[in-house]
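Data first, discussion second: the structure below is written as structure tokens.
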Amino acid sequence: MAKTLLSIVIIFVMIQFISKNSYSVEPEEFLQNPKQEMRARNISKNIRCLVCQNQSIDDSSAPLAKDLRTLIRIKVQENDTDEEIYKFLTDRYGDFILLKPPFKISTFLLWSLPFVFVIIGIFILFIHNKKSKKLS
Amino acid sequence: MKKKILIFPFIAFLFILIVFFYLLVIERDPSELPSVLIDKKIPTFEAESLLNKKTFISKNEFGTETTLVNFFATWCGPCRDEHVYLKRLSNEKGLKIIGVNYKDDPNKTVEWLKELGNPYSDVIVDSKGLIGIDWGVYGIPETYIVNSKGIIKYRLVGPITKKNYNAFYSKIKESEY
Amino acid sequence: MVPSLGNFSLWLALCFAIFQFVISCKKNNKSTLYFNKIAVNGLLLCTFLSFLSLMYSYLVSDFSVVNVFQNSHTTKPLLYKIAAVWGNHEGSMLLWILVLAIFNYFIFKLYNKTNSIFISKTLETQAFVTIGFLLFTLLTSNPFERIIPVPTNGLGFNPILQDPALAIHPPLLYIGYVGFSAAFSFSISAMSTESIEKVPWYNYMKPFVLAAWTFLTIGIAFGSIWAYYELGWGGWWFWDPVENASFMPWLLGTALVHSLVTVEKKMMLQKWVLLLAILAFLLSVVGTFLVRSGILTSVHTFALDPARGIYILIFIGILGAYSLILFALNSKKFLDKNYVSFLSREGSILVNNIIMIVVCSSVFLGTIYPLIIEAFSNNKISVGEPYFNSTVVPIVIPAILIMGVVPLLSWKKIDVKKIFRKTLPSIVLTIIVTTIFLWIYQSYNPLGLIGIFLACWVISNIVFKQNNIPKFSKSMVMAHIGISLLILGVTGSSVWQKEKIIRMKINDETIIHNYNIIFKEIKEVVGKNYIALQGNFWIYNNKKSIITKLNPENRFYPVTNNSTTEASIHTNLLRDLYIVLGDGNEKDGWVVRVYYNPLVAWIWIGAFVIFLGGLFSINTNLKIVKRLSI
């Protein structure tokens, strides 16, 4: 059962690779305006390639990645803001398409816990220091 | 208070263990993406129709009966494999199926349908894949169940197969509720 | 015949492990030692035999063995036939068990009159862990399963996996993971033994932890080296879940090593050692779980099989529950001499511990958070590189700052003014060297500034060590220098990297950071088992003399219908020049990606220096243990 699932997934994913083999961003995709191009690339670097393993669409050779890169460049040229472009993509593909998790109630723990751990750590240090002063 | 802190690692450990256990026990495909369009109205679009000599306007085609939207292409092997099941759904169950020809050559599609048969009430051309992006398609074949009110109720990622045919058909029947 | 022997020895190994467990449970001293000798040696011998049987099957290409069929091929070069033994799920489990048995043997060698109860308990725990892995392998992942009729040739031929760095990467990692199993066993034993104050349990634990940590370091480094040279993106770390799974035990291992030193020297931070030893091993097994259970997908995952996952999870549950509850109940009997004060060596180690644990928790959180969200809602989120970079980097910076000051701190409180006076020369040197770097690379990115500053800071302080500060060992110096070099390389290659993507026709020229690159030729090349399109590029420096010729290739392997990109790299101590050939044709030209990667070589040099430092340290600590065992 698992093996069938696996083969289906593999075939399904390979479909993305059958057509032309490109190797991430191509020179022809670059926008003329370097500032806009920089923006487009920075946005792309934050968008996950959905048919790859842990790559952004900026790095990926998959056709879907290329389609999304092109779409992003069109929107950058139309002067959409970064938030508008991200919203466009998450409206269709969900939060999963973002490599940097959004700041939402559901990700509150994700973003706040490291900070909480640091505070707890500093607290432990202070207690240790205080108690060592007492004993010496 | 100090002593009670020592039990904290165990509590955290237990929580994580339970989450992992739950995820393993349920049936899930870790690489599958859930659709964010479920329970939402279909994206509106207009496109060139392949079979009928007019423009396909989505507003006119949905909202009357349960409809399937099937994204496919002639270069896609599993699409060919699932074709027989699409025909069954169309002929035996009388379902309206709209095909979206994703990033394909329309001439090849016409030949393909001639060869395999046509289960679609209409086929629209999505040469750049933009309609696919609007629907959140990330690989084909993908089939969406749209109920009679024009709401997307379910998405099947991957081909319809002998194994999932019955389950899929149940989802179609459930979509009205 | 041989595979059946392999299978039989593995079952026999299980019997020896169960025997060892039962024997070590009992309290009788004399016969315990004698019977354990049989059990330990028997276990080692049988696992060795089993492992060699599998290797033999690969070497002779015995395709009647399912495992060999799936992972090998007659045309595979010898080195990779050997590497294929552990390059798959079942074989790698066998390697895990072999390393468990080897460490088990070394634990046994520690026996002497005073520590027999402690060592017995350690062997009992180690036996339990070994039994768990043996049962898992024998029941769900047996490498000796047969197939009839015997196929004429095998399936195993992924060309990307045929690489020396990748071949050696798993054994090194497993020495790391399994080494922590010994630390785990020592920890459990220490907490379960009466009158543990009489036994220097931390001295016994230390060489094992050092071995684990040292080999884990170099194992992770080889994985990154492979990724950098093979994958064609110029990257060497991707925060992939399985990469994180190797990084987390390393972080805890670092904290553990430092805490052990503190226990040795000052009898402080004992509870930290006990807990870190447990957590480092638990994380190693959780890493195994993530890779083999199918709970998430990654480039590294072996097989999608939830049944295996449930087994490992139950095993983790038993180990974790027992150890963590034992910790909650018994760790309080380990009374430290004192609490730790800030401005002392032990203070800096405590700070380091906390930072390592915070980084580890962040990495862990980022890795499993998508799974938690998925369990509680229908959503899927992804946690990628941006999250890890923004949480890990800021926390690591203070750790390195402190690492710089450590040589100046003694094992008790010290005067702030004194430290400042002592660090003055290093501060000056650091500023000078940092400025030189910025002038060479002409990049003023603040992160780059911080990275170079930190690396120079650590090294300067070591350079200026004065006579009246406390001794520190050769190995510590090496390891700390290694880390600085690593940071130098990491900073340079990420912050100062330059990339150029252009389309070039034959005889076109392009420039990247003072280098002229001319596209000379494109030709078809035939290799041993592939055909390739090769581009020839000539690289000139700004004095117009030729530096090197780079030949990136796009290879096609007909047997597996696979394509790979082979980057071509020119390395020196200052930078790498990295070229990848893309798609194209004569008329339109070819897509060429050029990277200028400063200081990459120092990442590998740094890792290797740490490895050497670790080896020296293992040697020193083994001498200490030998003296104890007399």
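These numbers come from the heavy atoms of this one structure, side chains and all, not from hydrogens, waters or symmetry mates. Every chain is numbered from 1, with letters handed out A, B, ... down the list of sequences.
Judged as a ring pair (Phe, Tyr, Trp, His ring centres under 6.0 Å), and not counting sequence neighbours, the contacts of C/Tyr387 are A/Trp111.
At a 4.5 Å heavy-atom cutoff, A/Phe115 makes no contact with chain C through either its backbone or its side chain. For a residue to count as touching a neighbouring chain, one of its non-hydrogen atoms must lie under 4.5 Å from one of that chain's; by this rule A/Ser56 does not touch chain C. Looking at A/Leu125, both its backbone and its side chain come within 4.5 Å of chain C, counting heavy atoms on both sides. With a threshold of 4.5 angstrom between heavy atoms, A/Leu109 approaches chain C through its backbone and through its side chain. For chain A, the nearby part of C/Glu499 is the side chain; its heavy atoms alone come within less than 4.5 Å. Proximity to chain A (any heavy atom under 4.5 Å) is restricted, for C/Ser390, to the side chain, taken from C-beta onward. For a residue to count as touching a neighbouring chain, one of its non-hydrogen atoms must lie under 4.5 Å from one of that chain's; by this rule C/Ile381 touches chain A with backbone and side chain alike. Of the two parts of C/Val592, neither the backbone nor the side chain holds a non-hydrogen atom closer than 4.5 Å to a non-hydrogen atom of chain A.
Counting heavy-atom pairs closer than 4.5 Å to chain C, the top-ranked of the candidates A/Ile120, A/Ile122, A/Val116, A/Thr107 is A/Thr107.
Between the A/Asn54 side chain and the C/Phe238 main chain, a donor and an acceptor come within less than 3.5 Å of each other.
Under a cutoff of 6.0 Å and an axis angle of 45°, C/Arg593 and C/Tyr595 do not form a cation-pi pair.
Atom-to-atom distance recorded for C/Glu346:CD and C/His258:NE2 is 13.5 Å, nearest 0.5 angstrom. Here C/Asn244 contributes atom CG and C/Leu290 contributes atom CG; the two are 9.5 Å apart, rounded to the nearest 0.5 Å. Within the model, atoms CE of C/Met248 and OG of C/Ser361 stand 10.0 Å from one another, a figure rounded to the nearest 0.5 Å.
Ion pairing between A/Lys45 and C/Glu385 fails under the 4.0 Å rule for side-chain N and carboxylate O.
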